[in-house]
Amino acid sequence: METDCNIHQAPFVYRCLHHPIYAEQLRYETYKTAAVLCPVHTPIEAFGFVVDGCLKAEKYTVNGNELCCAYFEDYDVFPELLYFTGKKEYTYTLIAVKKTEVAWMPASVFEHMLKEDTEMMYSFMLYLSKRGMKNQMLLNCLHYQTIKERIAFWLLHVNHMKQEEKLPLPKSQTMWANTLHVSRSSLNQELKHMEQDGYFKIEGHSLILLNQDGLEQLL
């Protein structure tokens, strides 16, 4: 059993899943790959916590082109930004990228928890701040024109990698490519070139940074 100290230091979603009162209000669902959880315009009646897996928020342009707006991975919350900015329905379609377990909490219970438990409110604010900062850094990343520059920025400033540090890579290269707004084939080609040039080494689903100074010089 986790100590109170460990729980207080844990991420917001972990604390929700183990809350002595509000965890009893959770409903767990498991979704298969490509399952649609919430089509666009679905009313927001509950908050979702990703327990394990990955979801994506997807839109389509007037020309029918698919746009990936965001990913929700382990210990992410959704759709907090839509709900608290006044949107009471999904403005995108929510799809399971892979088999994903989600814990659902009724929106009214979620709001009550934040009002009554100041520690949970503070933990939620920390989560929002970190996610907001990450989204801002991703926008900055897209200001760079070349794929090599975007990879360098993503490693150094989005993930704050240091020399010899090891980083778990996104669950698929398609996710990584969508995040950087490049094609999967172009990303794969550039990764091979940069690995050959000694910037980093990829082992399985992890990347080891070998030349931090070299990446910084690209920016």
Show, in sequence, the C-alpha distance, side-chain angles and deciding distance for V77 and Y127, and conclude whether the side-chain contact (heavy atoms from CB on, under 4.5 Å) test is met. CA-CA 9 Å; V77 184; Y127 168 80; 3.8 Å; yes
Which heavy atom of [X] sits nearest a heavy atom of [Y], and at what distance?
| X | Y | value |
| --- | --- | --- |
| C16 | A23 | O-CB, 3.6 Å |
| T33 | K99 | OG1-N, 3.3 Å |
| P79 | A46 | CD-O, 3.9 Å |
| L26 | Y28 | CD1-OH, 3.8 Å |

Ring centers of [X], [Y] separated by less than 6.0 Å:
| X | Y | value |
| --- | --- | --- |
| W104 | F78 | yes |
| F110 | F124 | yes |
| Y83 | F47 | yes |

For the hydrophobic clusters of this structure (ILVMFWY residues joined by side-chain heavy atoms under 4.5 Å, transitively), does one cluster hold both [X] and [Y]?
| X | Y | value |
| --- | --- | --- |
| Y199 | L156 | yes |
| M120 | M125 | yes |
| V13 | Y31 | yes |
| L169 | F153 | yes |
| L82 | I95 | no |

Between [X] and [Y], does any side-chain donor sit less than 3.5 Å from a side-chain acceptor?
| X | Y | result |
| --- | --- | --- |
| E216 | Q212 | yes |
| E149 | T146 | yes |
| D117 | Y22 | no |

Quick one, [X] and [Y] - any side-chain contact, counting heavy atoms below 4.5 Å?
| X | Y | result |
| --- | --- | --- |
| I44 | Y90 | yes |
| M194 | L218 | yes |
| M113 | M121 | no |
| K56 | T93 | no |
| I151 | L155 | yes |
| M161 | K166 | no |
| L180 | L187 | yes |
| S172 | M175 | yes |

Would R131 and D76 count as a salt bridge (charged side-chain N to carboxylate O under 4.0 Å, His left out) if you check the C-alpha gap in whole Å, the side-chain angles of each, and the deciding distance to 0.1 Å? CA-CA 9 Å; R131 187 168 180 88; D76 274 337; 3.2 Å; yes
Under 3.5 Å, is there a donor-acceptor pair between the side chain of [X] and the main chain of [Y]?
| X | Y | value |
| --- | --- | --- |
| Y71 | T179 | no |
| E116 | L114 | no |
| E165 | K162 | yes |
| T100 | C54 | yes |
| E195 | I202 | yes |
| S123 | E119 | no |
| S186 | V182 | no |
| Q25 | P106 | no |
| N211 | F200 | no |

Could you tell me the separation between the [atom1] atom of [X] and the [atom2] atom of [Y], rounded to the nearest 0.5 Å?
| X | Y | atom1 | atom2 | result |
| --- | --- | --- | --- | --- |
| Q173 | S185 | CD | OG | 9.5 Å |
| F12 | H19 | CZ | NE2 | 9.0 Å |
| N178 | S183 | CG | OG | 10.0 Å |
| L138 | M133 | CG | CE | 12.0 Å |
| L167 | L207 | CG | CG | 6.5 Å |
| C38 | E45 | SG | CD | 9.5 Å |

Begin from the C-alpha positions of R27 and E29 and carry the test salt bridge (charged side-chain N to carboxylate O under 4.0 Å, His left out) through to its verdict. CA-CA 7 Å; R27 173 177 57 86; E29 295 283 350; 3.0 Å; yes
Do other residues, nucleotides or ligands put more than 12 heavy atoms under 6.0 Å from the [atom1] atom of [X]?
| X | atom1 | result |
| --- | --- | --- |
| E164 | CD | yes |
| K88 | NZ | yes |
| F84 | CZ | yes |

Could you check D74 against D52 for side-chain contact (heavy atoms from CB on, under 4.5 Å), going step by step and ending with a plain yes or no? CA-CA 5 Å; D74 297 356; D52 180 60; 3.9 Å; yes
Under the rule for side-chain hydrogen bond (donor to acceptor under 3.5 Å, both in side chains), what residues qualify as partners of E89, not counting sequence neighbours? H41
For E203, check side-chain hydrogen bond (donor to acceptor under 3.5 Å, both in side chains) against everything at least two apart and list the hits.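 Per chain and number, E203 pairs via side-chain hydrogen bond (donor to acceptor under 3.5 Å, both in side chains) with K201.
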Step-by-step side-chain contact (heavy atoms from CB on, under 4.5 Å) determination, E73 to V50: CA-CA 6 Å; E73 301 183 80; V50 180; 5.6 Å; no
Show, in sequence, the C-alpha distance, side-chain angles and deciding distance for L17 and V51, and conclude whether the side-chain contact (heavy atoms from CB on, under 4.5 Å) test is met. CA-CA 9 Å; L17 300 179; V51 180; 4.2 Å; yes
